[in-house]
Amino acid sequence: MHQELEWIDAIAPDMIKVLKQRYFVLRQVEWMMPVGRRTLATTLNLSERVMRTETDFLRKQELIVVGTSGMMLTDQGISVLHGLEKVVDNLVGVRQDEQELSRILGIENCLIVSGDSDEQPKVLDAMGKSVAAKLALLLPEGKNLIAVMGGTTMAQVADQLTTRLSIKRDLTFLPARGGVGESVDIQANSISGKMALQTGGNHRALYVPEQLSERTYEPLLEEPSIQEVLSLIKESNAVIHSIGEAMHMAKRRDMSSGIINMLKDDKAVGEAFGYFFDAQGKVVYKIPRIGLQIEDLTHIKCIVAVAGGHSKAEAIVAYMKQLAPKQTWLITDEGAANSILKK
């Protein structure tokens, strides 16, 4: 396919340019609908004259409809948009970028979604759909124990899972780590429960407060209900997690000013599984949590890390190069990928 596209570009470069532009218009309409033409033109950095020409064409082709509240995709428009995804990915060189990104990060596989989630929140929905599609390929039939981390990215991933993932599978979602300290809707317990609801699977909770001292949480390990869930977590055959920026995660968890200052002094750039690490991937601080540890990941076959936006590029590199198991699948976006590839 890539070679054929190069031949087309050589003989009719304008055709490729028009295809890509109209594809991006359709994609942005899907993300923002209903949306006005002026807003769409500003978002895509196109003149209103060009946008009028493109949207008039797409309307005549019955790919979009224009209502009082703005433009929306028709069913045919949605079908065309999704059908063109792989073609446009090839046109913009996404597959080559994925291979190069995997090489740089030292992991086996990367998947890049178009856009930058720092600037276009809807990109997170596309990343979530990619997670769902990838899990459908990676998870075996039969029983699956899936450990899930918390966070805002993971909450949006949960929204994109469907009952299709449960076809020929018995899914049980588990919180990867204990932690009751963040907003309820982004705690691992809540997200694993939502994933179970979205897919028609099962869910087990782990109610353990976050940031306890070892002396405090050791007696909790003796509780039969906690032991049972921890045993299931250790048996997980799949893990879904995100990667955060160190300072953002520390403030979100309302960590003390002393710890935040220490993280600044140690130049922490990222966080995953309660581990804070610097640009070289060296762990500089670890939240004492009950549950899955980074060292437990080595024997797990299916690991999906989800992190996007140019602001997370440094954290992604640090985690992937030093801490992530090689079998990790990274699902990211162009914002993060381009920031990493340009360095």
Side-chain angles (χ1 to χ4, degrees), residues 1 23-24 26-28 30-31 78-102 105 107-140 144 146-149 151-167 169 171 173 191-192 194-195 198-199 201 238-244 272 301-310 312-313 315-316 319-320 324 327-341:
M1 170 67 78
Y23 170 84
F24 290 130
L26 286 175
R27 187 186 69 177
Q28 201 65 38
E30 183 186 46
W31 286 353
I78 293 172
S79 177
V80 168
L81 174 64
H82 293 170
L84 284 173
E85 284 178 352
K86 290 184 179 179
V87 175
V88 176
D89 280 351
N90 277 297
L91 287 174
V92 298
V94 170
R95 296 296 168 250
Q96 291 81 359
D97 286 347
E98 288 172 346
Q99 293 173 5
E100 178 63 10
L101 189 61
S102 297
L105 299 178
I107 58 176
E108 294 177 2
N109 296 288
C110 292
L111 194 154
I112 302 172
V113 172
S114 298
D116 185 338
S117 52
D118 283 344
E119 299 172 357
Q120 302 160 309
K122 279 288 187 179
V123 174
L124 282 172
D125 291 343
M127 291 168 65
K129 290 176 183 176
S130 294
V131 172
K134 192 52 58 183
L135 288 174
L137 291 174
L138 296 176
L139 293 179
N144 285 269
I146 306 168
V148 179
M149 289 297 293
T152 53
T153 297
M154 295 302 299
Q156 289 184 265
V157 167
D159 288 334
Q160 305 306 319
L161 300 186
T162 70
T163 53
R164 282 178 289 182
L165 194 59
S166 291
I167 296 174
R169 297 185 181 95
L171 305 177
F173 292 90
I191 291 170
S192 56
K194 186 171 188 179
M195 288 184 172
Q198 292 282 106
T199 60
V239 175
I240 315 172
H241 73 95
S242 58
I243 303 164
K301 292 182 178 180
C302 175
I303 303 173
V304 178
V306 192
H310 63 270
K312 286 190 177 181
I316 291 171
Y319 176 76
M320 291 296 165
Q327 71 270 28
T328 297
W329 268 90
L330 171 64
I331 295 181
T332 188
D333 60 23
E334 288 178 322
N338 290 341
S339 295
I340 296 169
L341 292 170

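The basis for the numbers below is simple: all heavy atoms, side chains too, and nothing from hydrogens, waters or symmetry mates.
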Taking all heavy atoms of [X] and all of [Y], pick out the closest pair and write down the distance.
X      : Y      : answer
Thr328 : Ala305 : CG2-CB, 4.0 Å
Gly308 : Asp118 : O-OD1, 4.4 Å
Ser166 : Gly201 : OG-N, 4.3 Å
Trp31  : Lys122 : O-CE, 2.9 Å

Mind checking whether [X] and [Y] have side chains closer than 4.5 Å, heavy atoms only?
X      : Y      : answer
Ile240 : Met149 : no
Leu341 : Glu100 : yes
Val87  : Tyr23  : no
His241 : Tyr319 : yes
Glu119 : His310 : yes
Val131 : Gln160 : no
Glu30  : Leu26  : no
Val239 : Val304 : no

- prompt: side-chain contact (heavy atoms from CB on, under 4.5 Å) between Met195 and Val148: does it pass, once the steps are laid out?
  reply: CA-CA 9 Å; Met195 288 184 172; Val148 179; 3.6 Å; yes

Just jot down the side chain to side chain donor-acceptor pair (under 3.5 Å) partners of [X], sequence neighbours excluded, or say none.
X      : answer
Arg27  : Ser114
Glu334 : none
Thr162 : Arg164

statement: side-chain contact (heavy atoms from CB on, under 4.5 Å) filter on Lys134, not counting sequence neighbours, yields Leu111, Leu137, Leu138, Trp329, Ile331

Is there a donor-acceptor pair closer than 3.5 Å between any side-chain N or O of [X] and the backbone N or O of [Y]?
X      : Y      : result
Thr332 : Ala307 : yes
Asp333 : Gly309 : yes
Ser102 : Cys110 : yes
Ser339 : Gly335 : yes
Gln28  : Phe24  : no
Arg169 : Ala136 : yes
Thr153 : Ser242 : no

Atom [atom1] of [X] and atom [atom2] of [Y]: how far apart are they, to the nearest 0.5 Å?
X      : Y      : atom1 : atom2 : answer
Cys302 : Ile146 : SG    : CD1   : 7.5 Å
Thr199 : Leu165 : OG1   : CG    : 6.0 Å
Gln99  : Ile112 : CD    : CD1   : 10.0 Å
Glu85  : Ser130 : CD    : OG    : 8.0 Å
Ser117 : Lys312 : OG    : NZ    : 7.0 Å

- request: Give the C-alpha distance, both sets of side-chain angles, the deciding distance and a yes or no for side-chain contact (heavy atoms from CB on, under 4.5 Å) between Ile340 and Leu101.
  value: CA-CA 8 Å; Ile340 296 169; Leu101 189 61; 3.6 Å; yes

message: List the residues meeting salt bridge (charged side-chain N to carboxylate O under 4.0 Å, His left out) with Asp97, not counting sequence neighbours, and say none if there are none.
response: none

Residue list, salt bridge (charged side-chain N to carboxylate O under 4.0 Å, His left out) with Asp159, at least two apart or on another chain: Lys194

message: Using side-chain contact (heavy atoms from CB on, under 4.5 Å), reason through Leu330 and Asn109 one step at a time and then give a plain yes or no.
response: CA-CA 7 Å; Leu330 171 64; Asn109 296 288; over 6 Å; no

task: Can you spot which of Thr163, Leu161, Asn144 makes a side-chain contact (heavy atoms from CB on, under 4.5 Å) with Leu171?
output: Asn144

